[in-house]
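The structure appears below as structure tokens.
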2 protein chains.
Amino acid sequence: MSFKIRSRIWIEADEHVFLGEGRVRLLKAIDETGSLSKAAKSLEMSYKKAWKLIDSVNKSTKKPVIIMSVGGKNGGGAELTDYGRALINAFEEINQGCWDYLDTQLKKIKDL
Amino acid sequence: MSFKIRSRIWIEADEHVFLGEGRVRLLKAIDETGSLSKAAKSLEMSYKKAWKLIDSVNKSTKKPVIIMSVGGKNGGGAELTDYGRALINAFEEINQGCWDYLDTQLKKIKDL
DNA sequence: AAGCGTTATTTCCTAACAAATATAACGCTG
DNA sequence: CAGCGTTATATTTGTTAGGAAATAACGCTT
């Protein structure tokens, strides 16, 4: 019997979810591609879904997380801010810490 | 901006989920009511859904977690085993520990 | 002014999920 | 042996989430 403890964490702002694993993945993809549509495609996610996620993130904070621009040089694009990058780092650090904690607890289940 | 870090944990056995918050709630309700149908009703859950959850739990372990009996004295019933009770306790203890850990990490987000 | 690559938004459709309903089986009780 | 309260399971219906596609708007470039 190979037990595993898994977890999902997310951050809520004013009672609605604002940052979770999916959103973090998307933010990182935007940072790599420079565009929301390309990021969505790289994650095999519909543009609509990606846009909704980003819209919800942007509405949740006062400091901007990503800056969208429409029209212009290359048709527009999306850029991750320093604040957004810091959020991602903090999230992943906390998430890893959570996983580490749960690993230490696993024997409590196995030993029953 | 009032941030909160939330989490869900669950235990997997052989790559499929075996115990999570919903199942724990259901197991506790069964322990209180002595019947799957009453437990489902008390949680405002359909009998079918409750049955599927319990069936999946029972198929995931060698030691029985709940014992179902059909027909007989009061038409049948469901009973939580000592092993099941121990599982619930361990789960809730670990879950609380996870929440406590996440609370200590919250300032990393707030201070960005 | 036309063309482009993007963001932004609506509408429509479908597929997965959930709920409701129906039916059967079971084993004690009287 | 009929009645009961349960577990067990299939079928049908309803609902909601999500994808697909179409359209518009935007602002640089040429």
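A note on names: the letters A, B, ... follow the listed sequences, proteins ahead of strands, and every chain is numbered from 1.
- Residues A:Asn74 and A:Asp55 each lie close to DNA chain C; by heavy-atom proximity, the contact nearer the 5' end of the strand is made by A:Asn74.
- A:Leu87 and A:Trp10 fall into different hydrophobic clusters, where Ile, Leu, Val, Met, Phe, Trp and Tyr are joined by side-chain heavy atoms under 4.5 Å apart, directly or via other members.
- Around atom CD of A:Glu79, no more than 12 heavy atoms belonging to other residues, nucleotides or ligands sit under 6.0 Å away.
- Listed pair A:Ser37 / C:dT7 meets the phosphate criterion, a side-chain N or O lying under 4.0 Å from OP1 or OP2.
- Dashed line: the shortest gap from a side-chain N or O of A:Ser35 to OP1 or OP2 of C:dT7 is under 4.0 Å.
- The side chain of B:Trp51 sits closest to D:dT9 out of D:dT9, C:dT11, C:dA8.
- At a threshold of 4.0 angstrom between heavy atoms, the contacts of B:Lys38 are confined to the sugar-phosphate backbone, with no base atom among them.
- Counting distance only, with no hydrogens placed and no angle test, the side-chain atoms of A:Lys49 and the base atoms of D:dG18 include no donor-acceptor pair under 3.5 Å.
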Chi angles and distances behind the salt bridge (Lys or Arg N to Asp or Glu O under 4.0 Å) call for A:Asp82, A:Arg85: CA-CA 5 Å; A:Asp82 287 344; A:Arg85 201 165 285 114; 3.3 Å; yes
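- Atom CG of B:Leu26 and atom P of D:dT7 are 11 Å apart (whole Å).
- Checked by atom type and distance alone, the side chain of A:Lys63 pairs as donor or acceptor with a backbone atom of B:Leu112 at under 3.5 Å.
- Residue whose closest nucleotide on DNA chain D sits further toward the 5' end, between B:Gly71 and A:Val70: B:Gly71.
- Where B:Tyr47 and A:Lys48 meet DNA chain D, the nucleotide closest to each residue was compared, and B:Tyr47 sits on the side nearer the 5' end.
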